[in-house]
Chemist: 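Attaching a single structure in structure tokens format; questions to follow.
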There are 2 protein chains.
Amino acid sequence: MKKATSFDIAYLAGVSQSTVSRALRNSPLVNQETREKVQKIAKELNYKVDKNASNLRSQHSDTLALLLFEDPTDDGSAINPFFLSMLGSITRACADRGYDLLVSFQQASNDWHADFEDSNKADGLILLGYGDYVDFAEKLTKLSAQGTHYVRWGVGEDQLKGSAIGCDNFAGGKEITQHVLKQGRKKLAFLGTASSHAPEFFDRYKGHCAALKEYGINADNKLQINALYTEEAGYDAAKKLLDSGVEFDAICAACDLIAVGAMRALKEHGLSIPENVAVAGFDDIAVANFTSPPLSTVKQDTKRAGELLVEALLDMIAGKAVESRLIEPQLIVRQSC
Amino acid sequence: MKKATSFDIAYLAGVSQSTVSRALRNSPLVNQETREKVQKIAKELNYKVDKNASNLRSQHSDTLALLLFEDPTDDGSAINPFFLSMLGSITRACADRGYDLLVSFQQASNDWHADFEDSNKADGLILLGYGDYVDFAEKLTKLSAQGTHYVRWGVGEDQLKGSAIGCDNFAGGKEITQHVLKQGRKKLAFLGTASSHAPEFFDRYKGHCAALKEYGINADNKLQINALYTEEAGYDAAKKLLDSGVEFDAICAACDLIAVGAMRALKEHGLSIPENVAVAGFDDIAVANFTSPPLSTVKQDTKRAGELLVEALLDMIAGKAVESRLIEPQLIVRQSC
DNA sequence: CTGAAAGCGCTTACAG
DNA sequence: CTGAAAGCGCTTACAG
């Protein structure tokens, strides 16, 4: 059976195809009786508007694209659980608003705008990632120049083009460090890249340093070790710290995966947590609740984040001004510190 | 600046719009020199084919839809990490093959076919879920009747319409139960719904019983407690088991989340794992490596699964016959049994 | 409130 | 190898 079109319905209903189109979209212009008749027939025929045709004509797609960009050095098998969680909440937020969501891991192309908005596949883009933000900045500048509608998860607009929804990383970093300091720890190490290549980590580090300062402690370079987004990186960084011989009684990790890797290194080294070394994370991924001991961390509300991202993008597409916004993080105290 | 169309390029290249269209799709019909000239101009203009127009004309979308159906009783906040992992691998598999992926949690509608394939948004559907399979069976029958292209993650075709890629749940359930029995355990409980409402769990249970039989043990009804897909359900089921007073020295959980919940209940009850009770899971989610003690389980290869699902669907769309296939699960021994 | 007509931007027979 | 033309299935001024 061939697919029904609006002309088939028009014929059966004894009205014009224009009227069918109007009736199906609940236009107030159409007589209620006519509308009901048309909708009844459409239902009987299992009719659905052809999205390609309607999008082509109306020049919008009611579809958003989620682009997950990652560090290309990643082996590709495991996605950071934090982003997977964001993906889940964004999918839900789109569905709630009647939008479809196109998902892509855009390693391949370096022209997101062209690939999605120019080809009319999506009305706007949501960017999510943990790649190198220095490379990334160029792309954002290009996107903005082309007038693409996009929002980004991450840091505010001082550092990168465009609007962003993000966690208040400075506040989060400060809060958990204060918590560690309150336990009487004095020599705090920070595991995570502290540079504009990873601005979210950098902000957390700045919050970390601010808390130290409150306690009259100067941040020590030797206690900060670079590490990116993975358990392996956390393991390596902790090893490096241990091998360096610098004394420390606590580790603040820039993310939970780093903390998990660091805990493994500490245990291999015969150190117990938190007796010898306190450990703190950031993100509150599912695993944080199950490490031994369970990891104290900073929770980012991914559900709320997904909603804000989708709302901001929709506002932008509608031509409204969109402000970057920060979500308040929440301290989660468990047993690791 | 208005978006460039193929007519703009045709004008600049001094050829017809038809030729532009051919040149852009690398048609062998077009002179190489002409093709290069056209492609150069297209690049300069930042031109991208309008997907809505080309899809409308050619009647296919190069897009696949992933439908995640869940138990509506779920609170909606947390998606089972196993499915999130599948989602990641499916996204990658689609990208590798030049397809876009539309993601949807189809709670709202009950007419997937109409929503995606009839509206020409997608060429085919991938179904992934943990809802009630009895309700689900009707939908599948309808999908098949309408000639929709779809593949499903889960159990083979005996029980449900359509082709499926799934884990060999029987073999996995049998293997891990054998492992538990080898440790000398005699009174094994099974936590997970054993009925056609949850056929994957049912198959795991059947494997479980087969292993018991090999060891001369008859499955005892009182040692099987229903539970669905969540940590909470696992906790409740273990409580129920404990309260029933039936003796047991091991728990085989139908999935890791159930195992995690059960471990919590056992500990609250003052029982130690594995000394008093051995615990086994199924799925190998990230958390399994971090429970205390780390959970022995059965790993499902989600990367391979995603690839097979996408390949099968593409074959089906291309008109090839597609067989249901099972992936071999892999026993992962940690410390919980 | 309704209809006839144009047109969104492509792909693809058809003719040369 | 190339071009003129039709048409995919809608939405939306325009006219009544």
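Order of the sequence lines sets the chain letters (A, B, ...), proteins ahead of strands, with each chain counted from 1. Quick caveat, the model's predicted, so the values are computed rather than measured.
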Chemist: Rounding to a whole Å, what distance do you find between B/Tyr11:OH and D/dG3:C1'?
Modeler: 18 Å
Chemist: Between B/Glu311 and B/Arg97, is there a side-chain N and carboxylate O pair less than 4.0 Å apart?
Modeler: yes
Chemist: Below 4.0 angstrom, N of the basic side chain to O of the carboxylate: do B/Lys40 and B/Glu44 qualify?
Modeler: yes
Chemist: Any chance you could measure A/Arg35, atom CZ, to A/Leu24, atom CG, to the nearest 0.5 Å?
Modeler: 11.0 Å
Chemist: Using a heavy-atom cut-off of 4.0 Å across all strands, would you classify B/Ser18 as base, sugar-phosphate, or nothing?
Modeler: base
Chemist: Mapping A/Asn52 and B/Gln17 to their closest nucleotides on DNA chain D, which lands nearer the 5' end?
Modeler: B/Gln17
Chemist: The side chain of B/Arg22 is closest to which nucleotide in this list: D/dC10, C/dT2, D/dA4?
Modeler: D/dA4
Chemist: Tell me if the side-chain of A/Arg57 makes a donor-acceptor pair with the base of C/dG9, cut-off 3.5 Å, by modelled atom types.
Modeler: no
Chemist: Less than 3.5 Å apart, any donor N or O on the side chain of A/Arg25 or A/Ser21 sitting next to an acceptor on the other?
Modeler: yes
Chemist: Dot-bracket for DNA chain C, please. Rules: Watson-Crick or G-U, both distances under 3.5 Å, ( ) within the strand, [ ] when a pair crosses earlier ones, | for another strand, . otherwise.
Modeler: |||.||||||||.|||
Chemist: Looking only at side-chain N and O atoms, does B/Thr19 come under 4.0 Å of OP1 or OP2 in D/dG3?
Modeler: yes
Chemist: Name the closest nucleotide to the B/Arg25 side chain, picking from C/dC10, D/dC10, C/dT11.
Modeler: C/dT11
Chemist: Could you say whether B/Leu29 or B/Gln59 is positioned toward the 5' end of DNA chain D, judged by the nucleotide with the nearest heavy atom to each?
Modeler: B/Leu29
Chemist: Does a donor on one side chain and an acceptor on the other come within less than 3.5 Å for A/Ser163 and A/Tyr150?
Modeler: no
Chemist: Given that B/Ser54 and A/Arg35 both sit by DNA chain C, which one's nearest nucleotide is further toward the 5' end?
Modeler: A/Arg35
Chemist: Send over the distance from A/Leu24 CG to D/dT11 C1', rounded to a whole Å.
Modeler: 12 Å
Chemist: Looking at NZ of B/Lys51 and CG of B/Asp62, how far apart are the two atoms once the value is rounded to the nearest 0.5 Å?
Modeler: 5.0 Å
Chemist: Roughly, in whole Å, what's the span from NZ in A/Lys48 to P in D/dC8?
Modeler: 22 Å
Chemist: Please report the distance, rounded to the nearest Å, between CG in B/Asn120 and C1' in D/dG9.
Modeler: 9 Å
Chemist: In whole Å, I'd like the distance from the CG atom of A/Leu45 to the P atom of D/dG9.
Modeler: 14 Å
Chemist: Looking only at side-chain N and O atoms, does B/Ser21 come under 4.0 Å of OP1 or OP2 in C/dC10?
Modeler: no
Chemist: Return the value, rounded to whole Å, for the distance between atom CZ of B/Phe7 and atom C1' of C/dT11.
Modeler: 11 Å
Chemist: Measuring from atom CG of A/Leu127 to atom CG of A/Leu140, what distance do you get when rounded to the nearest 0.5 angstrom?
Modeler: 6.5 Å
Chemist: In terms of side-chain heavy atoms, does A/Gln39 have a donor or acceptor partner in A/Asn26 at a distance below 3.5 Å?
Modeler: yes
Chemist: Checking contacts here: which listed nucleotide (C/dT2, D/dC10, D/dC1) is nearest the side-chain heavy atoms of B/Asn31?
Modeler: D/dC1
Chemist: Counting only side-chain N and O atoms of B/Ser6, is one of them less than 4.0 Å from OP1 or OP2 of C/dG9?
Modeler: no
Chemist: Can you tell me if A/Tyr47 touches the phosphate of D/dG9, counting only side-chain N or O atoms and a distance under 4.0 Å to OP1 or OP2?
Modeler: no
Chemist: Write down the distance between CG (B/Asp50) and P (C/dC8), rounded to a whole number of angstrom.
Modeler: 11 Å
Chemist: Roughly, in whole Å, what's the span from CG in A/Asp8 to C1' in D/dC10?
Modeler: 13 Å
